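This report concerns only the one structure given below.
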Amino acid sequence: MLVTNEANTQARTQLPPQYAPADVESRRYAQWVADGRFAASDDSDKPPYTIVIPPPNVTGQLHLGHALDHTIIDALTRRARMRGYEALWMPGMDHAGISTQNVVERQLAEQGLSRHDLGREAFVERVWEWKSEYGGKILGQMRRLGDAVDWDRERFTMDEGLSRAVQTIFKRLYDDGLIYRAERIINWCPRCMTALSDIEVEHSDDDGELVSVRYGEGDNSIVVATTRAETMLGDTAVAVHPDDERYRHMVGTDVELPLTGRRIPIIADEHVDPEFGTGAVKVTPAHDPNDFEIGQRHDLPSLLIMDEHATITAHGPFQGLDRFEARPAIVAALRAEGRIVAEKRPYVHAVGHCERCKTTVEPRLSKQWFVKVESLAKAAGDAVRGGEVRIHPPEQEKRYFGWVDNLMDWCISRQLWWGHRIPIWYGPDGDTVCVGPGETAPEGYTQDPDVLDTWFSSALWPFSTLGWPERTEALEKFYPTAVLSTGYDIIFFWVTRMMMFGIYATGQPPFADVVLHGLIRDENGKKMSKSAGNGIDPIDLMDVYGSDALRFFLARSSTPGGDLVVNEEWVAGSRNFCNKLWNATRFAMMSGATLDGPLPTELSTIDRWILSRLSRTISEVDAQYATFEFAKATDAIYHFAWDEVCDWYLELAKPVLAAGGEAAAGTRRVLGHVLDSLLRLLHPVTPYVTEELWLALTGGEAAGDSIMVAEWPTAEASAIDTGAERTVAALQNLVTEIRRFRSDQGLKPGQRVATRLSGLDAAGLAEHESLVRSLARLDAPAADFAATARLAVTDQVTAELDTRGTIDVGAERARLDKALSAARKELDGTERKLGNESFLAKAPAEVVDKIRERKAAAESDIARVLAQLESLPPA
RNA sequence: GGUCGAUUAGCUCAGCGGGAGAGCACUCGCUUCACACGCGAGGGGUCACUGGUUCGAUCCCAGUAUCGACCACCA
């Protein structure tokens, strides 16, 4: 309902001159929730548009990466809703196995307790308590950001339904032979006491020491180099390259392993690099992934010499030492025996660290559960290759294929207590059963103690959250989802796995479009992270500048796949834009802008111009959204709003509105329409300020209306008016040129200048003379007009200014000389091109035409400038 | 070590075969009746380097240098 009566007009002018986000945001968000604006309905007739949130860790806090991601998702969802879709943004959180367990363990440690003191059940209970007390802080922060998520559908990866989904797919994979148990070298964190997947290991170049050790005696000896002397206790061979002449005669013999009394064989293996070190490698199959491979190829035994704490278990003087204590102890013992051939030297090499606690990872042979990914990964790759799933920007496909085409089997077991427990039970005779949902294990069986990798449940997120494996109405309505938006850094962690499990479980890829954005960097270009201490807290930015300002900045900076630098000044700039919008609307309302009735059919050139520009802007925005070019979409709105609406249309409208009459009535209606459309276009990105202004403009507050359910603007082809665009462009050129002259001449803005304008007719500006005078601050000539400068300000228009001798002729002449030489240079360039026969023969016709136009323009510039020079009074 | 990407105005980035752009910063002038979180007018770049392809290269190709991201088991 639109209210435009006098009293309401009075009320609307009460908008303060500055936008104060804090007053608006919490009030609006609460109202949206209360009105159920975010809720999606399972039985709606509208087509679905679904996005699932990348579930933040339950331990997590909102950082700028989330803010970017959420701005994108929220804008897509809000826009879809305005376009008539049943839009659903699914919220929820991830239980974040290791992270959460660590947080609670640290809490226990403060009380001098370990998780083992509590026991498994009590510990898990403790984690749930932690979750309800401290977890999900980020959910509150999302409200601040304005996220239009359907709160009634919030899910957690550990809740009952999702746990059933996990068990269901595990059982299905197991029955299909896609889950197996094997003894492998895995990354072991001796502090977290669990296996880590490859991606939970961070590598850094660490300082180490390379020592050379002689194995064997006399002629029957061989020197190996190592940075990890302590692992020699587990050596079961020495390997050399098969083509290495130095050692060929020794292959097949054996040597004595120092300190142990064992003899180990010398073998030949292609893996060995003869150029490195001495060309001979000690082989420790139980504590090194490469060595394990070599061991497999040569059927070597694997000797575990450390326990899960990385303490030496091998019998002898080193038993009970930590691995880092054992290393120097063993080197010392070797030196005592004269085994150290070359002194140790510094050596920088890549060492793995636990992503969560930074402890040096110990490769360790152990029994783990794996998903056989080959067939799953192939299907995931084919879905993108076949175009069922599109990745934006397309360049990022390479990264995706790089993963799915080279995927190794996925180690899914974790020796943690917090997570989905593996539904495998072992019988008294060592037999194994996989227990599906609703089933119970046979009497006397015990369950595997391990839990699943956190990403196992995340991989089900797009459908488990909608009720899978039940065929719920929500699943039917909202799956598959429309878009997945996330940073390119987690393609492997999450995207590939959702693709694999989604296709496997439901037969359909879980989303149609994958939108990948970049990482947030600080002012020095470094990736922003808590550990680097260079993080900017988005909450702080929102406190100062408002949520809309942060969102607008992020949207305007987000190029597909591109990283993004955050600088507070730019957020301030976005705040300024919100304020500009605020004041433009405020002005419109004070000027009596209205939305009542249809747009008049008879409109002034100026009104037709802005409607034409509006329509073009809408088309542009739609086109950019279609390819997820948020920066370009947002930028188009920014320039339309600021450069065209504020800088020109409002200024042009002022004299018209002041004059009143029929023209003013038309302009008031157009002004209302333009502001209304502009606010709608902006709403997905800046929800708060647009809601506040739109309700004020339309008077829809009382009727319980909301811009959230207003229709997305439509580009009207019939509104395109190239004639009006040409006329206004000419007007802008003329006004700008006169302003430039005034500025160059140091004429004060308040100083009115009497002028005679001629040639307006030829420029199509005859009817706009008063507008030109108003914007350029020109007076009509007075009775005693005395022209002191004649200026050909555009091709057609000449202005005679009565400046009473204030003109600085020298300065103007210098400027014109400069313009003249620029125009001549341009003319030279175009003439040279047009004189080149190869160019004429080979260049496309449109390019040649364009050059001809440029030549003509240069010629006319020259003529104009010459005329101006001629018209200058003598210095 | 491998892969991919980047190198354009002081800063951060768009553009990606035919006239070098934006925001911020900077200079000058403005208490112009929506907004100084503002208005008007300006200055500023041999588009990293070297070759090649082309009638024409910031844009395509090759190499060099520097930076970055991701991945990684060379003892």
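The structure presented is a predicted model; accordingly, all values stated were derived computationally and were not measured. Reminder, nothing fancy here: chain letters follow the sequence lines and each chain counts from 1. These numbers come from the heavy atoms of this one structure, side chains and all, not from hydrogens, waters or symmetry mates.
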Nearest-angstrom distance from the residue atom CH2 of A:Trp582 to P of B:rC37: 17 Å
Separation of B:rA34 C1' from A:Asn583 CG (nearest whole Å): 5 Å
Check: B:rA34 base within 3.5 Å donor-acceptor of A:Glu651 side chain: yes
P spacing across the pair B:rC74 / B:rC13, given as an integer number of angstrom: 31 Å
A:Glu568 CD to B:rC11 C1', straight-line distance once rounded to whole Å: 16 Å
Donor-acceptor contact below 3.5 Å, side chain A:Ser591 vs main chain A:Ala593: no
Any residue meeting ring pair (Phe, Tyr, Trp, His ring centres under 6.0 Å) with A:Tyr215, in chain and number order, not counting sequence neighbours: none
A:Arg739: partners by side chain to side chain contact (heavy atoms under 4.5 Å, CB included), with sequence neighbours left out: A:Trp648, A:Val735, A:Leu775
Main-chain N/O of A:Ala549 paired to A:Arg575 side chain as donor or acceptor, under 3.5 Å: no
Nearest-Å distance once atom C1' is located in both B:rU50 and B:rG15: 24 Å
C1'-based separation of B:rA34 from B:rG42 [nearest Å]: 26 Å
Sugar-phosphate only, base, or nothing, as touched by A:Arg742 at under 4.0 Å among non-hydrogen atoms: nothing
Pair assignment for RNA chain B - dot-bracket with | for other-strand partners, Watson-Crick or G-U under 3.5 Å: ((((((((.[[[[.)..(..]]]].(((((.......))))).....[[[[[..)....]]]]])))))))....
Residue pair A:Lys654 / A:Ser774, side-chain donor-acceptor N/O under 3.5 Å: no
What nitrogen or oxygen pairs link the protein and nucleotides 19-21 of chain B at under 3.5 Å?
unit_1	atom_1	unit_2	atom_2	d
B:rG19	OP1	A:Arg854	NH1	2.4

Side-chain donor/acceptor of A:Asp861 to backbone N/O of A:Ala823, under 3.5 Å: no
Sugar-phosphate, base or nothing in reach of A:Asn836, heavy atoms under 4.0 Å: sugar-phosphate
Value in whole Å for how far the P atom of B:rG5 lies from CD of A:Glu397: 13 Å
A:Thr634 versus A:Lys632, side-chain donor and acceptor atoms under 3.5 Å: no
Whole-Å gap separating C1' (B:rC73) and CG (A:Asp269): 13 Å
C1' spacing across the pair B:rG21 / B:rU31, given as an integer number of angstrom: 34 Å
Donor-acceptor contact below 3.5 Å, side chain A:Arg668 vs main chain A:Thr594: no
Along RNA chain B (nearest heavy atom to each residue), the more 5'-positioned of A:Glu629 and A:Pro844: A:Glu629
Taking only nitrogen or oxygen atoms into account, show me every contact under 3.5 Å that the protein makes with nucleotides 31-33 of chain B, one pair per line with its distance.
unit_1	atom_1	unit_2	atom_2	d
B:rU32	O4'	A:Arg777	NH2	3.4

Between A:Asp269 and A:His241, a side-chain donor and acceptor under 3.5 Å: no
Nucleic acid footprint by protein, nucleotides 38-46 of chain B - heavy-atom cut-off 4.0 Å, B for base, S for sugar-phosphate alone: SSBSS----
Nucleotide of B:rU12, B:rA22, B:rA75 approaching A:Lys282 most closely (side-chain heavy atoms): B:rA75
Side-chain donor/acceptor contact of A:Glu569 with base of B:rC24 under 3.5 Å: no
Heavy-atom pair with the smallest gap, counting every atom of A:Leu697 and A:Gly672: CD2-O, 4.1 Å
Nearest-angstrom distance, P atom, B:rC70 to B:rG40: 43 Å
Atom C1', compared across B:rG18 and B:rA25: separation rounded to whole Å: 33 Å
Sugar-phosphate, base or nothing in reach of A:Pro363, heavy atoms under 4.0 Å: nothing
Nearest-Å distance for atom pair CZ/P, residues A:Arg815 and B:rC28: 20 Å
Set of ring pair (Phe, Tyr, Trp, His ring centres under 6.0 Å) partners for A:His353, sequence neighbours left out: none
Contacts of A:Phe552 that satisfy ring pair (Phe, Tyr, Trp, His ring centres under 6.0 Å) - sequence neighbours left out: A:Phe577
Interatomic distance at P, B:rU3 relative to B:rA72, whole Å: 15 Å
Euclidean distance for P, B:rA57 against B:rU53 (whole angstrom): 11 Å
Can you list, pair by pair, the side-chain donor-acceptor contacts under 3.5 Å of residues 845-852 of chain A, counting residues two or more places apart and other chains?
none

Partner residues of A:Asn579 under the side chain to side chain contact (heavy atoms under 4.5 Å, CB included) criterion, sequence neighbours left out: A:Gln18, A:Tyr19, A:Trp582, A:Asn583
With A:Trp188 via ring pair (Phe, Tyr, Trp, His ring centres under 6.0 Å) - residues at least two apart: none
Between B:rA72 (P) and A:Asn290 (CG): distance, integer Å: 13 Å
Interatomic distance where NE2 belongs to A:His353 and C1' belongs to B:rA72 [whole Å]: 14 Å
Any pair counted as side-chain hydrogen bond (donor to acceptor under 3.5 Å, both in side chains), so long as it reaches residues 821-835 of chain A, sequence neighbours left out: A:Glu826-A:Arg854
